[in-house]
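One structure is given below, encoded as structure tokens.
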There are 2 protein chains.
Amino acid sequence: MVQNIYNQSCTHLLAVDCIIFGYLQDELKLLLFKRRIEPAKGQWSLVGGWVQDNESVEDAAYRVLYGITGLKDLFLEQVQVFSEPDRDPGGRVLSVAFYALIRIDKQDEELIKKNSSSWFAISKLPKLIFDHDKMLEKALEKLRKKASIELIGRQLLPEEFTILQLRKLYSAIFQREFDPGNFRKKIMSTGILKRLDTKDKSMSKKGAYYYTYKDRSEDLFTDHIVRYL
Amino acid sequence: MVQNIYNQSCTHLLAVDCIIFGYLQDELKLLLFKRRIEPAKGQWSLVGGWVQDNESVEDAAYRVLYGITGLKDLFLEQVQVFSEPDRDPGGRVLSVAFYALIRIDKQDEELIKKNSSSWFAISKLPKLIFDHDKMLEKALEKLRKKASIELIGRQLLPEEFTILQLRKLYSAIFQREFDPGNFRKKIMSTGILKRLDTKDKSMSKKGAYYYTYKDRSEDLFTDHIVRYL
DNA sequence: GCAAAAGTGTTCATAATACACCCATGT
DNA sequence: ACATGGGTGTATTATGAACACTTTTGC
């Protein structure tokens, strides 16, 4: 028991669970993990861990993510707390859900394998334990909200990418098609992207220019990208 | 110590803190509470309490709110967890912040007094303890987001109100003026409000019609109210 | 030359903004 | 009769959606 001056005792275990999004081969993907402890041992679960004594829940989430992907710099945002008394049959466990965006091309593949975790397309997920489905749903909602008001992709796509790739990412997130012309105009009007001189010829004979994010330009744009709801 | 099958011990106390918004006399207000325990005894704090063993954090927030306002039906939404290890000098306390919208005309004034709590205009707040300022800031952000995509007011204004009152509420929330004509048109276009036959003559000689929310109409409207950011 | 994707331009509908103007009435 | 807020209408501009059209180049 940790010391405190309140006349209270600890009754809840505290965990974090991470909804880890990645993007590969035109699909939004989720990193899952084969649970190694009872209950529900061997079933697929979100990547999670206990919160230590001397760290914030954010610290814990970063630590857990580093442990499984080898990445230190990644986007992380709190989703919400899940605290139904019976959510975990193993005890009274409170879990803080986070969602993370990671670039699959940067991750440590060995580490992922060693941790018996793997990527699943968001449309072909296995059954998840406990209330992890609900966590995913909330995280997706938050991701959509974020993507609708700012240009995401920096955290998910490779350093250099085409507008087509970006558009497909948005299609994956919102589960709908975007008009190629209008999408391009909208994106370019933000002034966030910089065109490079190189082209990707894998998709067409003409070739599509590669783009990158300009440095530190996230703050100059404030309009919406997609209107949804 | 609560029983669990994990090889873990409890190290965090768990609390909820509520950012309680109300609206009175053209001002957005916050219900604060004079802290009765050390540390920071006697200072102003958000309304909070411990999470019991057998309840979710939402349950705890409702219980705390009922205890201080006497109200059972009120709007409540989770903001986020605050968990910096040193946020509370009294011990390792994790707090889940919620914001609530309540109708000041419905509250139990006696109870509020008895609890040594009182309403403060959002623009004239006293210094708050710990990280409660940060909690308020995040809650306000969430409230603005909510108000920008749906018509709030049902939870804050009296049963019958004028468009002017609603506009002033929005002005208070967003800290800016809205064009009276355009605001009215926008609001009326939602079809959520119903005009009554009575008028409020306190503000003008002509008198302004009272309006109420139609029953169960929150779901039919999906557009934005205010564009912000 | 043609197919296929890249990229640009044009048109139309809708929505946000600014603001002029009439209305009702207590003093 | 006039000042005051209530309420309506209109002109202007900005934005989004649909889609036609031009460009490039491997085959």
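So you know, we letter chains A, B, ... as the sequences are listed, proteins then strands, and number each from 1.
Taken from CZ in B:Phe161 to OH in B:Tyr210, the straight-line distance is 11.5 Å, to the nearest 0.5 Å. Rounding to the nearest 0.5 angstrom, the gap separating the OG atom in A:Ser116 from the CG atom in A:Leu32 is 11.5 Å.
Side chains of A:Ser95 and A:Asp17: a donor on one and an acceptor on the other come within 3.5 Å.
Of the residues in residues 156-165 of chain B, not one places a heavy atom less than 4.0 Å from an atom of DNA chain C. For the segment residues 170-185 of chain A, the set of residues with a heavy atom within less than 4.0 Å of an atom of DNA chain C comprises A:Gly181, A:Arg184, A:Lys185, in numerical order. A heavy-atom distance below 4.0 Å to DNA chain D is reached by these residues of residues 204-212 of chain B, ordered by number: B:Ser204, B:Lys205, B:Lys206, B:Gly207, B:Ala208, B:Tyr209.
Sequence neighbours left out, the pairs with a member in residues 106-136 of chain B that pass ring-ring contact (aromatic ring centres under 6.0 Å, His included) are B:Trp44-B:Phe120.
A salt bridge between B:Glu141 and B:Lys145 is absent, with no side-chain N of the basic residue lying under 4.0 Å from a carboxylate O of the acidic one.
Every residue was checked against the salt bridge (charged side-chain N to carboxylate O under 4.0 Å, His left out) condition with A:Arg144, not counting sequence neighbours, and none meets it. The ring-ring contact (aromatic ring centres under 6.0 Å, His included) search around A:Tyr99 returns A:Phe75, not counting sequence neighbours.
In this entry the distance linking CG of A:Leu166 with P of C:dA5 reads 19 Å, nearest Å. A:Lys186 places its NZ atom 15 Å from the P atom of D:dA18, with the value rounded to the nearest Å. Atoms CZ (A:Arg167) and P (C:dA5) sit 11 Å apart, rounded to a whole Å. One atom, CD1 of A:Ile187, and another, P of C:dT8, lie 14 Å apart when rounded to the nearest Å.
A cation-pi arrangement is not found for A:Arg87 relative to A:Phe82, the charged atom failing to lie both closer than 6.0 Å to the ring centre and inside a 45° cone about the ring normal.
The neighbour count for A:Asp73 CG, taken as heavy atoms of other residues, nucleotides or ligands under 6.0 Å away, does not exceed 12. In this structure, A:Tyr66 places its OH atom where only 12 or fewer heavy-atom neighbours from other residues, nucleotides or ligands lie under 6.0 Å away.
In summary, the aromatic rings of B:Tyr23 and B:Tyr170 are positioned with their centroids too far apart to meet the 6.0 Å limit.
Both B:Lys199 and A:Lys201 sit near DNA chain D, but only B:Lys199 has its closest nucleotide nearer the 5' end.
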